[in-house]
Q: 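The structure that follows is given in the form of structure tokens.
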Amino acid sequence: MLRVGIVPNTVTFNTMIHMFGNHGRLEEVALLMQKMEQLRCVPDTRTYNILISLHVKHDNIIVAKGYFKKMQEASLEPDVVSYRTLLYAFSTRRMVSEAEELVKEMNERGYEIDEFTQSSITRMYIESGMLEKSWLWFYRFHIRGKMSPECYAANIDAFGERGHVLEAEKVFESCRERRNPTVLEFNVMIKAYGINKMHDEACRLIDSMDEHGVYPDECSYNSLVQMLASADIPQKAAFYLTKMQESGLVSDCVPYCAVISSFVKLGQLEMAVRLFEEMVRFGLKPDVVAYGVLINAYADVGNIEGALRYVNEMKETGLAMNGVICNSLIKLYKKVGCLKNAEEVYYMLQRLDAGPDVYSSNCMIDLYTERSMLKPAEEIFEKLRRNRNANEFSYAMMLCMYKKIGSFDEAFKIAKQMRELGLLTDLLSYNHVLGLYALDGRFNEAVTIFNEMIKSGVEPTDLTFKSLGVVLMKRGVSKKAVKNLEIMWRNDYESGLEVWLATLDSVNSMVYGDE
DNA sequence: TTAGGGTTAG
């Protein structure tokens, strides 16, 4: 590591420790420390500062703290860098009492706390539920009048992100007492309103900016457009998007995508397409995501022509198909029952890097089940299982397949595996499995599944009780009695359920002798 | 340490 003949000094060691530490080579750092001791080369403040920040970076806060202490024991006074590094590390880890102790020591020594650490401590107090303290902490710096726009913004953000809009507004007002807020403070305040679903306030704030001689920038508009779009208010989002466009602040199709997908979500496909076309007219090139939104929208309504129009347009502009687009197409072909086309896309998916995912694989199994094509379904299912990707849907669909073609032994195997793997979590899976047991008159299994279902909080439906009724009748309960049970359940869920459970239990304990 | 887009079913 060190060439023979050259005696390194502390500065050389510092440089090397810094270098190795930055590359995560902590073993070499330890060796260097040993070497230093051997050569009686005394570590200085900078050595310790490097070690402290190094271990903070590697999340060894205890070790970092240890070096801070060791430094003091070696009669070296920690400087402002030592303090700031450790204090910042404490604050981001919400180590409140440790942080407060350091703050106290820094005050005593007249060391200034930097703005970055200041806002991080505000965050620490907020996230530790000490709202009062967080406000006083902010206020202490505010009254000193040395805060920068960045620092006010960071404090507004700290409160806003955690849902404390009132405090965020108070910081914003405090900032206005001193000077005009910059675009920075406006932007985090818009963000705070957005997080807290105060859309009108956010709009009013952006509208008021020019009165203060401040103009919304790309970030202001992006936040607002994003927020309105995800709040299902695409019309309003589109209004600000237009303003953004007029100010020449739209540089990519991201904000358009947000609004387009918001229209899609509300079922306003025409508006979505209109906006997409407007985006193209403004010279913004749609990317694969923008195309993906529309392709999926058409897939959802089963419109092959519409989906393919955009697939072709996308290909013509030289964009390659990706997994998401393929999934949308498979979903579409499954919906309209085009097995051949689905197979083509699935084949394409297999040649992509990521390969087919569970979703598209399940669609294929579903398509094969409709046609009772066991072999290809089993192949896909086996592959999913091998890669540990098979989920509840995969199993449930295979169960349907076996039931459909009359392979009950296989169907029971699937049902058993679903239980063992903990894949019985939703209503339809429960009903499938229950239906299977009922069909075969397996009373005990049916009752066990039903009890599990109730215990896990899944509410039974008509179909559930139909299966249970079948199973009861096979055990000799009269049709009339079963009808009564059904009526009781419909009239009053709670007490009806009680009677069902009691009936199943009493039939269960009768000495019929289970098969 | 100011914001950010698409797919999830029986």
Side-chain angles (χ1 to χ4, degrees), chain A residues 88 92 114-120 122-123 148-158 160-161 181-192 194-195 216-227 229-230 237 241 244 249-262 264-265 272 276 279 284 286-297 299-300 310 314 322-332 334-335 349 354 357-367 369-370 391-401 403 426-432 435 463:
Chain A
Y88 179 71
T92 54
D114 62 302
E115 294 188 327
F116 192 23
T117 307
Q118 187 283 325
S119 56
S120 179
T122 306
R123 274 209 158 80
S148 66
E150 285 80 6
C151 202
Y152 279 105
N155 281 275
I156 294 169
D157 197 39
E161 269 193 334
T182 69
V183 68
L184 228 54
E185 291 96 324
F186 276 103
N187 286 356
V188 280
M189 199 56 229
I190 291 169
K191 179 185 164 188
I195 287 171
D217 64 6
E218 195 177 339
C219 185
S220 333
Y221 281 119
N222 263 338
S223 308
L224 190 69
V225 167
Q226 179 59 41
M227 152 204 331
S230 56
L241 183 57
M244 184 182 183
L249 290 169
V250 181
S251 57
D252 56 34
C253 62
V254 173
Y256 273 98
C257 276
V259 186
I260 290 168
S261 58
S262 180
V264 167
K265 196 175 152 208
F276 183 88
M279 173 179 86
L284 288 158
D287 62 6
V288 67
V289 174
Y291 280 114
V293 175
L294 286 189
I295 292 167
N296 190 61
D300 275 336
Y310 287 103
M314 189 185 89
N322 68 8
V324 173
I325 309 263
C326 287
N327 279 356
S328 292
L329 286 181
I330 289 179
K331 176 168 72 177
L332 169 60
K334 191 200 83 85
K335 200 178 191 103
L349 211 42
D357 66 355
V358 220
Y359 176 70
S360 51
S361 300
N362 288 348
C363 284
M364 295 308 294
I365 296 178
D366 201 6
L367 273 166
T369 301
E370 273 172 26
N391 63 14
E392 189 170 351
F393 295 107
S394 329
Y395 279 88
M397 271 179 293
M398 286 310 289
L399 188 140
C400 286
M401 165 71 97
K403 203 162 105 183
D426 78 359
L427 180 65
L428 265 132
S429 303
Y430 272 116
N431 278 348
H432 277 313
L463 203 62

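The chains referred to below are lettered A, B, ... by the order of the sequence lines, with proteins before strands, and numbering in each begins at 1. Quantities reported herein were computed from a predicted structural model and do not represent experimental measurements.
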Q: Closest to the A:N187 side chain: B:dG4, B:dT2, B:dT7?
A: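 It is B:dT2.
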
Q: Roughly how many Å is it from CG in A:L332 to P in B:dT7, rounded to a whole number?
A: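 Atom CG in A:L332 sits about 15 Å away from atom P in B:dT7.
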
Q: Please report, rounded to the nearest Å, how far the P atom of B:dT7 is from the CG atom of A:L349.
A: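 So the CG-P distance, A:L349 to B:dT7, works out to 16 Å.
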
Q: Taking any heavy-atom pair under 4.0 Å as a contact, classify A:A153: base, sugar-phosphate, or nothing.
A: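 Answer is nothing: A:A153 stays at 4.0 Å or more from every strand.
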
Q: Touch check for A:C326, heavy atoms < 4.0 angstrom, all strands: base, sugar-phosphate only, or nothing?
A: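 Nothing, no heavy atom under 4.0 Å.
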
Q: Can you tell me the distance, in whole Å, between the CD atom of A:E185 and the P atom of B:dT1?
A: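 So the CD-P distance, A:E185 to B:dT1, works out to 17 Å.
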
Q: Would you indicate, yes or no, if B:dT8 has its OP1 or OP2 atom less than 4.0 angstrom from a side-chain nitrogen or oxygen of A:K331?
A: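 Yes.
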
Q: When you compare the side chains of A:N296 and A:N327, does any donor N or O come within less than 3.5 Å of an acceptor on the partner?
A: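 No.
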
Q: Which part of the nucleic acid, if any, lies within contact of A:V183, taking any heavy atom under 4.0 Å across all strands shown: a base, the sugar-phosphate backbone alone, or nothing?
A: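 Touches nothing.
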
Q: Rounded to the nearest angstrom, tell me the gap between atom CD in A:E392 and atom P in B:dT8.
A: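 Interatomic distance, CD of A:E392 to P of B:dT8: 17 Å.
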
Q: Out of B:dT2, B:dG5, B:dT7, which has the shortest distance to the side chain of A:D287?
A: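 Of the candidates, B:dG5 comes closest.
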
Q: Base, sugar-phosphate or nothing for A:N431? Non-hydrogen atoms, less than 4.0 Å.
A: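 Contact class for A:N431: none.
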
Q: Look at the side chain of A:N362 and the base of B:dG10, then say whether one donor and one acceptor between them are separated by less than 3.5 Å.
A: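 No, no donor-acceptor pair under 3.5 Å.
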
Q: Nearest to the side chain of A:C257 - B:dG5, B:dT1, B:dG10?
A: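 Of the options given, the side chain of A:C257 lies nearest B:dG5.
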
Q: Just checking A:S119: base, sugar-phosphate only, or nothing, at a heavy-atom cut-off of under 4.0 Å?
A: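 Nothing, no nucleic acid heavy atom in range.
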
Q: Would you check if the side chain of A:Q118 reaches a backbone N or O of A:C151 as a donor-acceptor pair within less than 3.5 Å?
A: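 No, because the side chain of A:Q118 does not come within donor-acceptor range (under 3.5 Å) of the backbone of A:C151.
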
Q: Keeping A:K331 on the side-chain end and A:C363 on the backbone end, is there a donor-acceptor pair under 3.5 Å?
A: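 Checking the backbone N and O of A:C363 against the side chain of A:K331, no donor-acceptor pair under 3.5 Å is found.
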
Q: Within this structure, what is the CG-to-P distance between A:L284 and B:dG5, rounded to whole angstrom?
A: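 Roughly 17 Å, once rounded to whole Å.
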
Q: What is the nucleic acid contact for A:V188, judged by heavy atoms within less than 4.0 Å: base, sugar-phosphate only, or nothing?
A: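 Sugar-phosphate only.
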
Q: When you get a sec, tell me which of B:dG10, B:dG6, B:dT8 is the closest nucleotide to the side chain of A:V288?
A: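 The answer is B:dG6, which lies nearest to the side chain.
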
Q: What integer distance in Å separates A:D300:CG from B:dT7:P?
A: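 Going from A:D300 (CG) to B:dT7 (P), I get 8 Å.
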
Q: Side chain of A:H432, heavy atoms from C-beta onward: which of B:dG6, B:dT7, B:dG10 has the nearest atom to it?
A: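 Of the candidates, B:dG10 comes closest.
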
Q: Any chance the side chains of A:D217 and A:N222 put a donor and an acceptor closer than 3.5 Å?
A: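 No, no side-chain donor-acceptor pair sits under 3.5 Å.
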
Q: Examine the side chains of A:T369 and A:D366 and answer whether a donor and an acceptor come within less than 3.5 Å of each other.
A: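 Short answer, no.
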
Q: Pick base, sugar-phosphate or nothing for A:D157, based on heavy-atom distances below 4.0 Å to the nucleic acid.
A: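 If one applies the 4.0 Å heavy-atom cut-off, A:D157 turns out to touch the sugar-phosphate alone, with no base involved.
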
Q: Could you check how far CE of A:M364 sits from C1' of B:dT8, rounded to whole Å?
A: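 Answer to the nearest Å: 17 Å.
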
Q: Between atom CE of A:M397 and atom OG of A:S361, what is the distance when rounded to the nearest 0.5 Å?
A: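 Going from CE on A:M397 over to OG on A:S361, the span is 9.5 Å.
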
Q: Can you identify which nucleotide, out of B:dG10, B:dG5, B:dT7, has its nearest atom closest to the A:A396 side chain?
A: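 Closest of the options to the side chain of A:A396: B:dG10.
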
Q: Side chain of A:V254 only, please: which of B:dG6, B:dG10, B:dG5 is the nearest?
A: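 Per side-chain heavy atoms of A:V254, the pick is B:dG5.
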
Q: Indicate, with a heavy-atom threshold strictly under 4.0 Å, whether A:N391 touches base, sugar-phosphate, or nothing.
A: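 Base contact.
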
Q: Between B:dT1 and A:F116, is there a base-stacking contact, meaning the centre of the base's six-membered ring lies under 5.5 Å from the residue's ring centre while the planes stay under 30° apart?
A: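 A:F116 vs B:dT1: stacking yes.
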
Q: Determine the contact category for A:V324: base if any of its heavy atoms lies under 4.0 Å from a base atom, sugar-phosphate if only primed atoms, P, OP1 or OP2 are that close, otherwise nothing.
A: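 Touches a base.
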
Q: Under 3.5 Å, is there any donor-acceptor pair linking the side chain of A:T369 to the base of B:dG10?
A: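 For A:T369, whose side chain was compared with the base of B:dG10, there is no donor-acceptor pair (under 3.5 Å).
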
Q: Taking donor-acceptor contacts at under 3.5 Å, does the side chain of A:D252 reach the base of B:dG4?
A: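 Flag set: donor-acceptor pair detected.
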
Q: Does A:E161 pair with A:R123 as a salt bridge, N-O distance under 4.0 Å?
A: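 Salt bridge flag = yes for A:R123 with A:E161.
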
Q: At under 4.0 Å between heavy atoms, what does A:C363 touch on the DNA or RNA strands: base, sugar-phosphate, or nothing?
A: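 It contacts nothing in the nucleic acid.
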
Q: What is the distance, rounded to the nearest whole Å, between atom NZ of A:K335 and atom P of B:dA9?
A: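 After rounding, the reported distance stands at 10 Å.
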
